[in-house]
Chemist: 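I am attaching a structure below and will ask some questions about it afterwards.
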Amino acid sequence: MTADVVIAGAGPNGLMLACELSLAGVRPIVLERLNGQAKENRANGLVGQVVRALDRRGLYERLSGGAEPPRPSPAFVFGAMPLDLSRLDDNPMYGLPVPQKRLEQVLEERALELGVEIRRGHELTGLSQDEDGVDAEIAGPEGSYRLRTRHFVGADGGRSITRKLCGIGFPGVTRDDSVSRGAHVTVPAELIDPVTGGLNVPGYGPIPPFMHHRTDHGLFVYAPFPTGTLVNVTEWNQDGGDQPMSLDELRDSVRRVLGVDLPFDPPEGPGPHQLRRLSGGNTRLAERFRDGRVLLLGDAAHVHSAIGGPGLNLGLQDAINLGWKLAAQIHGWAPPGLLDTYETERRPAAERVVMHTQAQSALIAPGPEVTALRALFSELLRDERTTKHIAEMMSGADIRYDIEGTHPLTGRPAPDLVLETATGSVRLAELTKTARPLLIDLTPDAALAGALDGRRDRVDLVTAKTSQDGLPTAVLLRPDCYVAWASDSLRPDAKEHDALRTALASAFGPAR
Ligand SMILES: Cc1cc2nc3c(=O)[nH]c(=O)nc-3n(C[C@H](O)[C@H](O)[C@H](O)COP(=O)(O)OP(=O)(O)OC[C@H]3O[C@@H](n4cnc5c(N)ncnc54)[C@H](O)[C@@H]3O)c2cc1C
């Protein structure tokens, strides 16, 4: 056995998994067929609960460049309809405008710090497995070779060769009726509203920033990111052609969609600058996420429209879900079936993204029936509960894993706790950077420590106090910061101790 885990693909999800495995004491090998970074930048930002998840690994600060913790966004957009999130009590929608290339750089830096071996220029070409391990065939710079590993993870993108080599189907739909054109541009300063940051298009009117804007002829987006201003236009029932994309082609598309000319110049600064035409799109979900010792991760397991930017919210949280479970399997303490919960927990999350991206794609399409549907939706969105429902769905905050327990937090992401410990006041995010299971005991007598006997090698204990209202008195957190057990009792009785021991056993295996 050369390795415990080999990962195909040093995209964001493969790198995230590599970091999670390393934190859990497993050193993976990452194979990446490209010699350097991908030329094209795809995502321009992270949206949803993934921002909190990255904060809980100390990665938010590196990506945001500031010391402040993440704050929810006051506004977002669903199917090109504005969502006023400022009126929600518990707004779950976080956002971080960061180019995917930067995210990949930060994750690679972190993976290397943690001792991950990344082999660039090494392409997976074949796979076979037996009861004890997986043999991967690789084409490397010095020729072909074979690696034997206990587990193999395909994080090799939507066209995943891992998925194909395992014979896992990828059912879904391919739509070829839309063309999307986007580019970095320079917009004349006098067109930018100094108060809203929006764009005043001569002859058309104001268009808010970062909001999809639908007209009878298509969809227009003006996104002034700190790294450059993007204009993106989507049209339907049009042939994109195969000539190289140009700014003039974008100008023509803007004119068709808005009905007027938008003056803009080529982008300034060193770049890299986007100039892209995308035709159609796929919505597909792998038939299964696991084939014996091989697992699929991120786009290899699911692809969907990029509307609303849900891809990395889904994929990076897949990686955080899988990492500790795979490590537990390798360390030998995983309870039976733990690895299978990767799929039972993450498939519903993927299905929800498929559902809401398809719903949004329907809501941005042209046609009078769609306009009518949007009018109805806009009325519904005036209701705060509807806005909250949609915000929870898009952010992934409505996911509840099927974990046994009666406390309302069970199976949900941990709330943002601020704890008074013997060494001072700490945010939960400062305690979870190590990705270790954590029992947080806030009971007045710190009564729960004994429950960890036989599992102290696997589970850390924090005894603390808090002045926050409405929190449980004890929480057992998995490494992915989901609640495995919680209690509201100030003095937990024997029954609660038993429930805690049961939760410990089902998440972190038998005591030893
Ligand atoms: C236009 C566009 C805009 C998007 N915008 C957003 C957004 O704003 N927000 C968001 O969250 N998401 C967005 N997404 C989605 C996001 O980019 C993807 O979900 C994300 O890239 C998936 O990451 P991944 O690591 O699973 O796969 P990938 O990023 O595809 O990485 C897979 C890696 O595997 C490597 N590889 C492939 N085959 C092999 C092989 N045989 N051997 C070794 N290596 C191999 C590839 O070279 C690649 O580096 C967007 C996508 C697109 C297309």
Side-chain angles (χ1 to χ4, degrees), residues 6-18 29-51 53-54 76-77 94-104 107-108 118-127 136-140 144 147 152-165 178 180-183 210 212 221 223 225 230 232 234 274-282 286 289 295-319 322 350 353 357 394-396:
V6 172
I7 302 168
N13 296 323
L15 290 170
M16 187 76 208
L17 177 68
I29 296 175
V30 181
L31 308 170
E32 169 54 56
R33 71 175 169 196
L34 300 177
N35 278 315
Q37 266 207 318
K39 282 204 191 95
E40 214 189 11
N41 185 66
R42 288 197 204 161
N44 288 299
L46 299 168
V47 176
Q49 293 288 306
V50 68
V51 176
L54 292 177
F76 201 61
V77 68
Y94 290 77
L96 178 61
V98 61
Q100 183 163 329
K101 272 177 180 277
R102 174 71 190 137
L103 171 71
E104 286 170 15
L107 290 174
E108 180 161 343
I118 302 174
R119 297 187 186 177
R120 289 200 168 267
H122 292 243
E123 179 170 4
L124 172 75
T125 55
L127 267 186
E137 285 162 41
I138 297 142
S144 296
L147 260 183
F152 191 94
V153 179
D156 45 355
R159 297 198 171 92
S160 169
I161 180 140
T162 308
R163 190 184 64 233
K164 289 173 190 159
L165 289 169
S178 68
S180 174
R181 298 174 175 91
F210 300 109
H212 297 111
V221 186
F225 286 105
L230 269 175
N232 203 91
T234 306
Q274 184 179 305
L275 184 62
R276 168 165 73 200
R277 180 197 313 113
L278 290 174
S279 295
N282 285 295
F289 290 5
L295 295 122
L296 299 179
L297 174 66
D299 276 18
H302 36 66
V303 293
H304 44 76
S305 158
I307 190 163
L312 292 164
N313 191 30
L314 184 59
L316 293 172
Q317 292 194 79
D318 287 352
L322 177 59
V353 170
T357 51
M394 291 182 84
S395 66

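Just follow the structure's listing: the first ligand is 1, and inside any ligand the first atom is 1. Computed from a predicted model, the values in this text were never measured in an experiment.
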Chemist: Quick one: does R163's side chain have a donor or acceptor within less than 3.5 Å of a partner on G158's backbone?
Modeler: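 Pair found, side chain donor or acceptor close to backbone of G158.
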Chemist: Would you say the side chain of I307 lies within less than 4.5 Å of the side chain of H212, judging by non-hydrogen atoms?
Modeler: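 Yes. Closest side-chain heavy atoms under 4.5 Å.
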Chemist: Are the side chain of R276 and the backbone of N41 linked by a donor-acceptor contact shorter than 3.5 Å?
Modeler: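 Such a contact is found between R276 side chain and N41 backbone.
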Chemist: Which ligand 1 atoms are under 4.0 Å away from a heavy-atom of P12?
Modeler: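 Listed by number with element: 23 (O), 25 (O), 29 (O).
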Chemist: Using a strict cut-off of 4.0 Å, indicate which atoms of ligand 1 neighbour a heavy atom of G311.
Modeler: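 Going through ligand 1 atom by atom, the ones under 4.0 Å from G311 are 10 (C), 11 (O), 12 (N), 19 (O).
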Chemist: Taking T125 for the side chain and E137 for the main chain, is one N or O donor matched with an acceptor at less than 3.5 Å?
Modeler: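 Checking the backbone N and O of E137 against the side chain of T125, a donor-acceptor pair under 3.5 Å is found.
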Chemist: What closest approach, in Å, do H302 and A350 show between heavy atoms, and which atom pair accounts for it?
Modeler: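 Minimum heavy-atom separation between H302 and A350: CD2-CB, 3.7 Å.
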Chemist: Any side-chain to backbone donor/acceptor pair from E123 onto R33? Under 3.5 Å, distance only.
Modeler: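 Judged by distance alone, no pair lies under 3.5 Å.
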Chemist: Which atoms from ligand 1 have a heavy atom of G45 less than 4.0 Å away?
Modeler: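 Result: 7 (C), 8 (O), 9 (N), 10 (C), 11 (O).
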Chemist: Identify, for atom 27 (O) of ligand 1, the protein heavy atom at the shortest distance, and state residue, atom and that distance.
Modeler: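 Looking only at protein heavy atoms, the one closest to atom 27 (O) of ligand 1 is G157 CA, 3.7 Å.
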Chemist: If you take all heavy atoms of L46 and L312, which pair is closest and at what distance?
Modeler: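 So the minimum-distance heavy-atom pair works out to CD2-CB, 3.5 Å.
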Chemist: State whether the shortest distance between N or O atoms of A306 and N or O atoms of ligand 1 falls below 3.5 angstrom.
Modeler: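 No.
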Chemist: Is H122 close enough to touch ligand 1? Criterion: a residue heavy atom under 4.0 Å from a ligand atom.
Modeler: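 Yes, that is the case, since the closest heavy atom of the residue is under 4.0 Å from the ligand.
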Chemist: Where do A319 and L297 come nearest, in terms of heavy atoms and distance?
Modeler: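 Heavy-atom minimum between the residues: N-CD1, 3.5 Å.
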Chemist: Could you find the nearest protein heavy atom to atom 31 (O) of ligand 1 and give me its residue, atom name and distance?
Modeler: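 The answer is G11 CA, 3.5 Å.
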Chemist: Please find the pair of heavy atoms, one from S160 and one from L296, that lie closest to each other, and give the distance.
Modeler: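 Answer, listing the atom of S160 first, then L296: OG-CD2, 4.2 Å.
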Chemist: Tell me which protein heavy atom sits closest to atom 34 (O) of ligand 1, plus the residue, atom name and distance to 0.1 Å.
Modeler: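 Residue, atom and distance for the closest contact: G9 CA, 3.2 Å.
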Chemist: Heavy-atom contact check, 4.0 Å cutoff: does A155 meet ligand 1?
Modeler: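 Per 4.0 Å heavy-atom rule, A155 contacts ligand 1.
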Chemist: In the protein, what heavy atom is nearest to atom 35 (C) of ligand 1, and what distance, to one decimal place, separates them?
Modeler: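 Of every protein heavy atom, E32 OE1, 3.3 Å lies nearest to atom 35 (C) of ligand 1.
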Chemist: Given 3.5 Å as the limit, does a donor-acceptor pair link the side chain of N44 with the main chain of P99, or not?
Modeler: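 Checking the backbone N and O of P99 against the side chain of N44, no donor-acceptor pair under 3.5 Å is found.
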Chemist: Can an N or O of E104 be found at a distance shorter than 3.5 Å from an N or O of ligand 1?
Modeler: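 No, E104 has no N/O under 3.5 Å of an N/O on ligand 1.
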Chemist: Should N313 be counted as touching ligand 1, given the test is an N or O pair under 3.5 Å?
Modeler: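 N313 vs ligand 1: no N/O contact under 3.5 Å.
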Chemist: Tell me the closest heavy-atom pair linking R159 and K164, and the distance in Å.
Modeler: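 Of all heavy-atom pairs spanning R159 and K164, the closest is O-NZ, 3.2 Å.
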Chemist: Please identify which atoms of ligand 1 are closer than 4.0 Å to at least one heavy atom of G298.
Modeler: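 Listed by number with element: 26 (O).
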Chemist: In this structure, does ligand 1 have an atom that sits under 4.0 Å from one of the heavy atoms of R276?
Modeler: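 Yes, R276 has a heavy atom closer than 4.0 Å to ligand 1.
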Chemist: Taking 4.0 Å as the limit for heavy-atom contacts, which would you say applies to L278 with ligand 1: side chain only, backbone only, both, or neither?
Modeler: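 For L278, only side-chain atoms sit under 4.0 Å from ligand 1.
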Chemist: Could you find the nearest protein heavy atom to atom 25 (O) of ligand 1 and give me its residue, atom name and distance?
Modeler: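 The closest heavy atom on the protein side is N13 N, 3.0 Å.
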Chemist: At less than 4.0 angstrom from any non-hydrogen atom of L312, what atoms of ligand 1 do you find?
Modeler: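 Checking each atom against L312, I get 10 (C), 11 (O), 12 (N), 20 (C).
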Chemist: Pairs of nitrogen or oxygen atoms closer than 3.5 Å, one from G309 and one from ligand 1: do any exist?
Modeler: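 Between G309 and ligand 1 (N or O atoms, distance only) the closest approach is under 3.5 Å.
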Chemist: Using a strict 4.0 Å cut-off to heavy atoms of Q100, name the atoms of ligand 1 that fall inside it.
Modeler: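 Matching atoms, with element in brackets: 16 (C), 17 (O), 20 (C), 21 (O), 29 (O).
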Chemist: What are the atoms of ligand 1, with element, lying closer than 4.0 Å to any heavy atom of L34?
Modeler: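 It comes down to these atoms of ligand 1: 47 (O).
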Chemist: What residue and heavy atom of the protein are closest to atom 8 (O) of ligand 1, and at what distance?
Modeler: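 The answer is N44 N, 3.3 Å.
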Chemist: Whether the side chain of Q317 engages the backbone of N313 through a donor-acceptor N/O pair (distance < 3.5 Å, no angle test) should be reported.
Modeler: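 The answer is yes, because a donor-acceptor pair under 3.5 Å joins these two groups.
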Chemist: What I'd like to find out is whether the side chain of I118 reaches to under 4.5 Å of the side chain of L15, using heavy atoms alone.
Modeler: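 Of all side-chain heavy-atom pairs linking L15 with I118, at least one is under 4.5 Å.
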Chemist: Taking the six-membered ring where the residue is Trp, are the ring centres of F210 and F76 under 6.0 Å apart?
Modeler: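 Centroid separation for F210 and F76: 6.0 Å or greater.
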Chemist: Decide whether the shortest distance between a heavy atom of I161 and an atom of ligand 1 is less than 4.0 Å.
Modeler: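 I161 counts as a contact of ligand 1 under the 4.0 Å cut-off.
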Chemist: Give the residue, atom name and distance (to 0.1 Å) of the protein heavy atom nearest atom 19 (O) of ligand 1.
Modeler: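 Ranking protein heavy atoms by distance from atom 19 (O) of ligand 1, first comes D299 OD1, 2.9 Å.
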Chemist: Starting from atom 7 (C) of ligand 1, what is the nearest protein heavy atom, named by residue and atom, and what distance separates them?
Modeler: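 For atom 7 (C) of ligand 1, the nearest protein heavy atom is A43 CB, 3.2 Å.
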Chemist: Do N232 and S180 meet the criterion of a side-chain donor-acceptor pair at a distance under 3.5 Å?
Modeler: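 Short answer, yes.
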Chemist: Heavy-atom contacts with L31 under 4.0 Å: which atoms of ligand 1 show up? List them by number with element.
Modeler: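 Selected atoms, number and element: 43 (C), 44 (N).
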